[in-house]
Amino acid sequence: MRVATWNVNSVKQRVPRLLPWLDERRPDVVCLQETKLSDDAFATLLGDELAGRGYQYAVHGQAQWNGVAILSRVGLEDAVPGLDGGPGFPDPEARAVSATCAGIRVHSVYVPNGRTPDSDHYHYKLAWLAALRDVVATGPEEVLVCGDVNIAPADADVFDPDAYIGQTHVTPPERAALAELQAVGLRDVVRDRWPHERVFTYWDYRAGMFHKDLGMRIDLVLAANPVAERVQAAWVDRHARKGTGPSDHAPVIVDLDDAPDGDIGPVVPPPSARPAKRGSARLPQT
DNA sequence: ATGTCAGATTACATCTGA
């Protein structure tokens, strides 16, 4: 069974990339973030296209910002929109949806960005992560948390740690909050698979960052042991970041064994993970 | 050289957020 997560940065703008990607990669379960559409608009835009490909879906959207979804062609049950007990800013935002797909509780999450470490949004981010930990801790043992966590777990997950000092995504409290989430028993399956590689999932649109491979790894697939033990392949689909009209994030793709339909895709990942070499550059100024 | 993009708006240009 193939599971993927992708921050599409507006599903409306990404339709010309999303549909061919579904046909090429043929994921069984897809977690989407930053759909930026109401649930009704999502259904109008993609309902028929997804049904024609055999996908059911669960969405939790809002009109302009945020928005998450889970697509599944291996069953989709007990969908829950939102994050129980989670904080708002000040009202709840559409940043989480969960459902059970082929026996696995799947969470698609879009963790608040944090903006700057001295902002209210940063504290909102930490509180949101604590609520996510509590939800996962009280849920089923077969669980996957997939999405844009807006945290680089370690210095190896940013192109130049010095360029990020004092910025959100790398501060110790954020990394501690992520560690607390993982402490309920979740493994970072891409880093497990590629312990020493340079692996990024996000590259700023500005300043040719993708071209120079100056990115961050902030999109994660976190798996509890019963699921992590089934991982056959875990990789970043950098191809989806290339070409015309890409998202600024690339999908993360994970293949699990015991695929119901026998279509587990390549066991050997494509050459998306390049040899580690350190770049150094300034961050684009905001 | 802000090598960007998406969504918004006292809308056809400039703002916010990422």
Side-chain angles (χ1 to χ4, degrees), chain A residues 5-19 21 31-42 44-46 59-69 87-96 108-126 128-129 147-152 157-160 162-171 174 178 200-220 236 238-252 279-286:
Chain A
T5 184
W6 193 6
N7 179 325
V8 292
N9 186 15
S10 173
V11 73
K12 187 189 296 182
Q13 298 304 318
R14 218 58 62 210
V15 166
R17 298 298 301 258
L18 175 62
L19 295 178
W21 177 83
C31 295
L32 299 176
Q33 299 86 37
E34 284 208 82
T35 56
K36 298 185 178 178
L37 276 185
S38 71
D39 295 354
D40 285 349
F42 186 98
T44 301
L45 181 71
L46 285 173
V59 285
H60 184 41
Q62 59 188 81
Q64 313 155 255
W65 307 111
N66 310 310
V68 287
F89 193 77
D91 299 319
E93 299 179 304
R95 295 182 174 275
S108 178
V109 301
Y110 176 46
V111 175
N113 175 283
R115 300 184 188 175
T116 59
D118 59 356
S119 71
D120 291 346
H121 210 260
Y122 179 86
H123 299 287
Y124 168 51
K125 178 182 195 173
L126 297 179
W128 200 94
L129 283 161
D148 177 358
V149 301
N150 270 316
I151 298 168
D157 297 310
V158 298
F159 71 87
D160 180 1
D162 290 341
Y164 283 92
I165 289 173
Q167 306 227 23
T168 185
H169 294 61
V170 302
T171 65
E174 290 167 276
L178 179 61
F200 299 139
T201 64
Y202 161 84
W203 300 260
D204 198 298
Y205 282 125
R206 295 170 288 185
M209 299 289 273
F210 179 71
H211 179 71
K212 294 182 275 195
D213 196 23
L214 303 178
M216 314 175 77
R217 192 174 70 93
I218 56 177
D219 300 87
L220 305 182
V236 176
R238 291 180 78 258
H239 180 74
R241 181 62 177 77
K242 301 177 182 176
T244 304
S247 171
D248 43 1
H249 297 249
V252 179
S280 180
R282 304 176 76 89
L283 289 172
Q285 300 302 302
T286 51

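Here is the naming used below: chain letters follow the sequence lines, and residue numbers restart at 1 for every chain. The analysis underlying the following values was restricted to heavy atoms, covering all of them including side chains, and did not include hydrogens, waters or symmetry mates.
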Discussion item. Without decimals, in angstroms, what is the distance between A/M209 CE and B/dT4 C1'?
Written reply: 12 Å
At a cut-off of 3.5 Å, list every protein nitrogen or oxygen paired with a nitrogen or oxygen from nucleotides 5-9 of chain B, distance to 0.1 Å.
residue, atom, partner, partner atom, Å
B/dA6, OP1, A/R14, NH1, 3.4
B/dA6, OP1, A/R14, NH2, 3.3
B/dG7, OP1, A/S10, OG, 2.5
B/dG7, OP2, A/Q13, NE2, 3.0

Worksheet, complete the sentence: What one should report as the nearest heavy-atom pair of A/E34 and A/N7 is OE2-ND2, 3.0 Å
Practice prompt. Tell me whether the guanidinium CZ or amine NZ of A/R217 lies under 6.0 angstrom from the six-membered ring centre of A/F200 and within 45° of its axis.
Written response: no
Practice prompt. Tell me, please, which residues at least two apart from A/R95 pass salt bridge (charged side-chain N to carboxylate O under 4.0 Å, His left out).
Written response: A/E93
Practice prompt. Between B/dT10 and B/dC5, how far apart are the P atoms? Round to whole Å, please.
Written response: 25 Å
Fill in: Interatomic distance where OH belongs to A/Y110 and P belongs to B/dG17 [whole Å]
12 Å
Item to complete: Determine the interatomic distance between C1' on B/dT2 and the same-named atom on B/dG17; round to the nearest Å.
Response: 16 Å
Worksheet entry | Exercise: do A/S119 and A/Y124 side chains pair donor with acceptor under 3.5 Å | no
Worksheet item: Taking the inter-plane angle between the rings of A/Y202 and A/H249 on a 0 to 90° scale, is it parallel (under 30°), tilted (30 to 60°) or perpendicular (over 60°)?
Response: tilted
Worksheet item: Hey, does the side chain of A/S38 reach the backbone of A/A63 with a donor-acceptor pair shorter than 3.5 angstrom?
Response: no
Practice prompt. Report the distance from atom CG of A/D148 to atom C1' of B/dA18, rounded to the nearest whole Å.
Written response: 10 Å
Practice prompt. May I have the distance from A/R206 (atom CZ) to B/dG3 (atom P), rounded to whole angstrom?
Written response: 9 Å
Worksheet item: Nearest 0.5 Å, what's the CG-CE distance between A/D157 and A/M216?
Response: 8.5 Å
Fill in: Separation between the C1' atoms of B/dA8 and B/dG3, rounded to whole Å
24 Å
Worksheet item: Expressed in whole Å, how much space separates the P atoms belonging to B/dA1 and B/dA6?
Response: 25 Å
Discussion item. Heavy-atom nearest nucleotide on DNA chain B for A/G208 versus A/H121: which residue maps closer to 5'?
Written reply: A/G208
Fill in: Rounded distance (Å) that lies between atom P of B/dG3 and atom CG of A/D213
18 Å
Worksheet entry | Between B/dT16 and B/dA11 - C1' atom distance, rounded Å | 16 Å
Worksheet entry | Residue pair A/V109 / A/Q33: nearest heavy atoms and the distance that separates them | O-CG, 3.3 Å
Item to complete: Find the distance A/Y202:OH to B/dT4:P and express it as a whole number of Å.
Response: 13 Å
Practice prompt. Represent DNA chain B in dot-bracket notation, 5' to 3'. Only Watson-Crick or G-U wobble pairs with both distances under 3.5 Å count; pseudoknot-style crossings use [ ] and interstrand partners use |.
Written response: ...((((((...))))))
Worksheet item: Which of parallel (below 30°), tilted (30 to 60°) and perpendicular (above 60°) describes A/W21 and A/W6?
Response: tilted
Practice prompt. May I have the distance from A/Y124 (atom OH) to B/dA18 (atom C1'), rounded to whole angstrom?
Written response: 15 Å
